[in-house]
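I have placed the structure first, in the form of structure tokens, so that the comments after it can refer back to it.
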Amino acid sequence: FTGDGSGLTNLNATQLGGTIPAAVLPAVLNTLSEPGSFNFFAGSGAGNPTVSGFANEAVGNGSLASVTTSYGNTANGYYALNANTTGGENTANGYTTLLSNTTGELNTANGSRALSFNTSGDDNTANGAFALYGNTTGNYNIAIGSDAGRNLESGDNNIYLANWGN
């Protein structure tokens, strides 16, 4: 679409039907169905055109750029889940969230640089800028608040509330 959208009122379902030819999609938008299925990538360098995984969504430059066989990942933000190859069912929202994750699964990171150094840790939840920032291999950790658990590198089963940790 072009323009300010003012002409998009009072439309019915038949007027919205059809497809947009790939030739008119912006260059930074990449909707992949083969060889993987149900993948959506938007942003310069977002997604991997040879992905065989499925149900991955990435919006942001460099987000999910290394994805190969993983599934069910959501990455929103500049370089979110950038190094992820096989880790599945991760959610990353924010600038470089879960940046280094490669095989970690079931992680949730919300906030700038949350869980940025996680590589293989599983089942972590980080909410807040720099939350669990230094975690690399720790599992089942929860951090809420800016810098919460920032110093943790490999511990398991920790809970941080707005505390840097050891």
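This one's a predicted model, so the numbers in the text were calculated from it and none came from an experiment.
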Non-hydrogen atoms of A46 and G60 that approach each other most closely
CB-O, 3.5 Å
Side-chain cluster (under 4.5 Å, hydrophobic types only) that I159 belongs to, other residues
I142, I144, L161
side-chain hydrogen bond (donor to acceptor under 3.5 Å, both in side chains) with Y71: which residues, sequence neighbours excluded?
E89
Looking at every non-hydrogen atom in both residues, tell me the closest pair between G128 and A114 and how far apart they are.
O-CB, 3.7 Å
Closest non-hydrogen atom pair, N101 against G121:
OD1-O, 4.3 Å
Can you sort out the partners of N135 under side-chain hydrogen bond (donor to acceptor under 3.5 Å, both in side chains), two or more places apart, ordered by chain and number?
N118
Main-chain N/O of S44 paired with N61 side-chain donor or acceptor, under 3.5 Å:
yes
To the nearest 0.5 Å, what is the distance between CG on L132 and CG on D147?
11.0 Å
Working to the nearest 0.5 angstrom, can you tell me the gap between T108 OG1 and N127 CG?
7.5 Å
Residues G45 and A65: closest non-hydrogen pair is O-CB, 3.4 Å
Could you tell me the separation between the OG atom of S63 and the CG atom of L81, rounded to the nearest 0.5 Å?
8.5 Å
Could you list the residues that satisfy side chain to side chain contact (heavy atoms under 4.5 Å, CB included) with Y95, not counting sequence neighbours?
Y78, S112, R113
Please check this pair: side chain of T96 against backbone of S116, looking for a donor-acceptor N/O pair closer than 3.5 Å.
no
Suppose clustering is done on Ile, Leu, Val, Met, Phe, Trp and Tyr with side-chain heavy atoms closer than 4.5 Å. Which residues sit in the same group as F117?
F130, Y133
Who passes side-chain hydrogen bond (donor to acceptor under 3.5 Å, both in side chains) against N158, sequence neighbours left out?
N141
Taking every heavy atom of G145 against every heavy atom of A131, the minimum-distance pair comes out as O-CB, 3.9 Å
As a test of understanding, state which of N90, T103, N48, T68 forms a side chain to side chain contact (heavy atoms under 4.5 Å, CB included) with N84.
N90
Could you point out which residue of N157, D122, L106, N107 forms a side chain to side chain contact (heavy atoms under 4.5 Å, CB included) with N139?
D122
Set of residues satisfying side chain to side chain contact (heavy atoms under 4.5 Å, CB included) with respect to T102, sequence neighbours excluded
A83, T85, T119
Out of curiosity, L98 CG to T74 OG1, how far, rounded to the nearest 0.5 Å?
11.5 Å
Is it true that a side-chain atom of T137 and a backbone atom of S120 form a donor plus acceptor pair closer than 3.5 Å?
no
Over all atoms of both residues, closest heavy-atom pair of Y160 and L152:
OH-CD1, 3.6 Å
Any residue meeting side chain to side chain contact (heavy atoms under 4.5 Å, CB included) with S146, in chain and number order, not counting sequence neighbours:
A129
Partners passing side chain to side chain contact (heavy atoms under 4.5 Å, CB included) against N56 (at least two apart in sequence or in another chain):
N39, F41, V51, L64, V67, S70, N73
With sequence neighbours left out, the residues meeting side-chain hydrogen bond (donor to acceptor under 3.5 Å, both in side chains) with D123 are none
